[in-house]
Structures are given as structure tokens and as C-alpha cells.
Amino acid sequence: MATSIPPSTNIQNISENALDDNTMFIPTMLANKPTIPKQFFWPKSETAPATGILDAPIIDLQGILTGDASSIKKQVDALRVACETHGFFLVVNHGIDTNILNETLDRAAEFFTMPLETKLNIVQKKGSMSGYSGAHSERFSDKLPWKECLSFKSGGSIEEFMGSSLGKEFEPMGLVYQNYSEAMKKLTLSIMELLGLSLDVGKDYYREFFQDCGYIMRCNYYPRCPEPELTQGTGAHSDTVALTILQQEEVEGLEVFTGGAWQSILPVPGSLVVNIGDTFMAMTNDIYKSCVHRAVVNRHSSRRSIAFFVIPRGNKVVRAHDSLIGPNGKRLYPDFTWSELEEFTQKYHRVDENTLKCFAQRLRLLGSSSSE
Ligand SMILES: C=C1C[C@]23C[C@@]1(O)CC[C@H]2[C@]1(C)CCC[C@@](C)(C(=O)O)[C@H]1[C@@H]3C(=O)O
Ligand SMILES: O=C(O)CCC(=O)C(=O)O
Ligand SMILES: [Fe+2]
């Protein structure tokens, strides 16, 4: 198990009331200025525009829902190709009521356009994955993302969390986010069945492993930006989680780095974007890819996305199925738990495109030092 190591200097400790230290930057309050603060600048090497459009496969879940074997086989084959190359696919006929999808986007817009003091009443506190964040400026001091987030980590009632933090009148908004999360968890298990079939470990293998999974549900709000070419909505990274199910509104912004270029994933009405995360990549011993992606912003329109991050129960051992270890028998990652990886991302390493590699190196280092 990873022991605590002095945190690096690149993540400031979250001060109790970050606004007092003037360390918070709120993009909705900066959207109508002529320029953006330098804290939002990203290196030119990271802001090159996309040069193409990803032809992400559309996986039709109708078959899973009706048990149609021939349709399932077709989807499973398409899924395997996508996950072996870039780890992104769209799902349609996912069974989630359009009203739940739209209502969640609308409630998110309502929250982010509220007065700052309301948003700060639910500001994400040190050590918590739930609450409001303004450009993560309470955590980072440079390369700030041009976005605001409202996140909820599983383990409690979102309705109660909203009510107790913001007042009873916010309970209905919390209930909308809670219903959305419950629907997404159900969808997660259907996708896990297809992933199990696609890796020949059986329909139930990942479904059972993730039956008691946790989640982090996150509303992203990207206001329009006066200088979009200088910043990032969400910088290049791979998701450290097992799987991400993303609802994006019909405004372009999501891009994947694959085939040596940044490629847009265009919004397809009625579909959800799904991507393999680092944790699931480790569970396949790199057979399936957790791809680097980002969200860019523009000067004309705000953009919302709702990310549902699927995480294993905190103390469950993450380890690739034996049948997925190649003939050389080499396991690419030490066993780990989500709790260890989450702590690494929140205390020691700002998530980027190298998180899992750095995390695995640290585990091996600690493993070797603890065995001395
Ligand atoms: C464990 C996590 C860290 C981030 C949330 C997540 O649950 C999965 C995705 C991660 C993140 C969104 C990747 C981009 C950078 C990041 C700092 C962000 O922009 O929010 C990441 C999240 C984090 O809070 O560290
Ligand atoms: O907003 C988006 O389109 C992507 C956001 C993202 O990648 C994330 O929150 O991990
Ligand atoms: Fe992501």
C-alpha cells in the first residue's frame, strides 16, 4: 500500500477559504472581459487545434436490452476494435430517458449561473471530491482550466448534500443529479457486460466486479472565452477512473489524441460518449486503451458536459484477469486500489497523460523500499 510522501509543490493545499487568499478565479465572471488572466495560459505545445474528426463507433445497446444474440455479437466486435485503438465509443438506445438527460443539463446551467456566494456555499473542501470548483484555482496556481465544476462522489444522498449546503429549495436540483447518477450506474453495468464479452472473460465478470462500484458525477460548465486559443477547458489527460460516460450538449469541444493528431468527437443527439479509463486499461494489461483527451473552449458559446466517472469500490484490488496476461506472463502494473490512485491524483500528481505510469512507478518504488 502506498505510504504518504511529502506532497509535490505543484498542488497547493486547499486553504479553508480560498477566496480570502484571492486564489480563486471564476470563469463565468471573466467571460465578458477582453482578455483572460495569465493563470489560464497553457503552453502553445498543448493548445494546437484539432485537425480531424474521430469516426467513433456507435454501439447500439438495444440488443443487450432485448437479448438479441446476433446484434450483441456485432456490437461486441465493434466495441473491441474501438477499445483496442482509442478507447472511445458512442452508445445509443441506452435506455436513459431523454427528459433525465435534458433536465440534468438544465439544472447544471441553472446552478452555474447563480451568484458566486451561492456557489461558494458548496465549494469543494480539502480532501473531498464533492462540491463546487472555480477553475480548480483553489488547488492549482497555473494552467487553470477555463471551467467550473460541480461534483458529487457516491456514498451519500446528493439531494441531502445540496439541501444541507445550499438550503431546502435546492433539494429538487439534488434529486435530479441523484436520479441521473442512478440511471448511469445501471447503464454502466450493461456496458460492463459487453466489455466482458469483448474480452472473452464472460458477460458477468466485470458486471460482478463493478456491481458495488462507486462514482463521481461531475457537471462541467465552460463559459465562452475571449481568448480560447490561449487556454484549455480541460487540459490533455486520460481519465484515471475505470470508465467515463459523458453527456455533452450540442456544442463541439471534446477532442481525443489518436492517430498522432487531435480529433473532435462531434456531439450526436441522443448518444452518450463512453471512454475506457486508466483503471480499466490496467485491468486489461493494456489490451484496451485509456486515451488522452481534452475539452477546448470557444468565444461564441458556453458548453456543458456531464461526466459520470465509474470507480471500483475503494478497497477492491485492481488486477488484470489471468487470461489477459500474454504468453510472456508479464503483468504491466502492480496490484492497486482505487483509494490509492485517487489519493495520488488529489495529493501528489495533477492528472495529465502520464498519471498511471507515474503512479505505477511510485508503487514499485514504495514496494521495493518497504520490502527492505
Ligand atoms: C480521479 C479524478 C481526478 C479528476 C476527476 C477524477 O474523478 C477523474 C478525472 C480527473 C480529471 C477530470 C482529469 C483532468 C484534470 C482534472 C484535475 C480536472 O480537470 O478536473 C481531473 C480531476 C481531478 O479532480 O483531479
Ligand atoms: O467536457 C468534456 O467534454 C470532457 C471533460 C473530461 O474529459 C473530464 O471531465 O474528464
Ligand atoms: Fe476526461
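Here the structure is a predicted model, which is why all the values come from computation and not from measurement. As a basis for the values below, the full set of heavy atoms in this structure was taken, side chains included, without hydrogen atoms, waters or symmetry mates. Start at 1 and go down the list; that is how both ligands and their atoms are numbered.
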Are F88 and H293, when compared by the centres of their aromatic rings, separated by less than 6.0 Å? yes
Out of V81, I191, L194, I265, which one pairs with F89 under the side chain to side chain contact (heavy atoms under 4.5 Å, CB included) rule? I191
The closest protein heavy-atom partner of atom 5 (C) of ligand 2 is Y222 OH, 3.5 Å
Angle, NE2 of H237 through the Fe ion (ligand 3) to OD1 of D239 - 10° precision: 90°
Is the centre of the F309 ring less than 6.0 Å from the centre of the Y215 ring? no
Residues, nucleotides or ligands: over 12 heavy atoms within 6.0 Å of E160 CD: no
Atom 7 (O) of ligand 1: closest protein heavy atom, distance to 0.1 Å, is I216 CD1, 3.4 Å
F359 and Y348 aromatic centres sub-6.0 Å: no
Can you tell me which portion of Q232 lies within the under-4.0 Å heavy-atom range of ligand 1? Options are side chain, backbone, both, or neither. neither
For W338, counting its heavy atoms only, list the atoms of ligand 1 lying under 4.0 Å from any of them. 1 (C)
May I ask you to identify, for T244, whether its side chain, its backbone, both or neither come under 4.0 Å of ligand 2 on a heavy-atom basis? neither
To check your reading of the model: name the closest protein heavy atom to atom 13 (C) of ligand 1, its residue, and the distance in Å. H237 CD2, 3.3 Å
Measure from NZ or CZ of K316 to the centre of the six-membered ring of F209, then state whether that distance is under 6.0 Å and the direction lies within 45° of the axis. yes
What protein heavy atom sits nearest atom 3 (O) of ligand 2, and how far off is it? R303 NH2, 2.7 Å
Hey, is Q346 touching ligand 1 through its side chain, its backbone, both or neither, going by heavy atoms under 4.0 Å? side chain
With a 4.0 Å heavy-atom cut-off (strictly under), which part of H136 contacts ligand 1: side chain, backbone, both or neither? side chain
With the threshold set at under 4.0 angstrom, would you say R350 reaches ligand 1 through any of its heavy atoms? no
On the six-membered ring of W262, is R294 placed so that its NZ or CZ lies under 6.0 angstrom from the centre and within 45° of the ring axis? yes
Kindly indicate whether the side chain of R304, heavy atoms from C-beta on, has any atom under 4.5 Å from the side chain of D106. yes
Nearest non-hydrogen atom to atom 6 (C) of ligand 2 belongs to which of E249, R304, H237, R218? H237
Residue and atom name of the nearest protein heavy atom (relative to atom 9 (O) of ligand 2), distance in Å to one decimal: N220 ND2, 3.5 Å
Provide, to 0.1 Å, the distance between atom 23 (C) of ligand 1 and the closest protein heavy atom, together with that atom's residue and name. R139 NH1, 3.5 Å
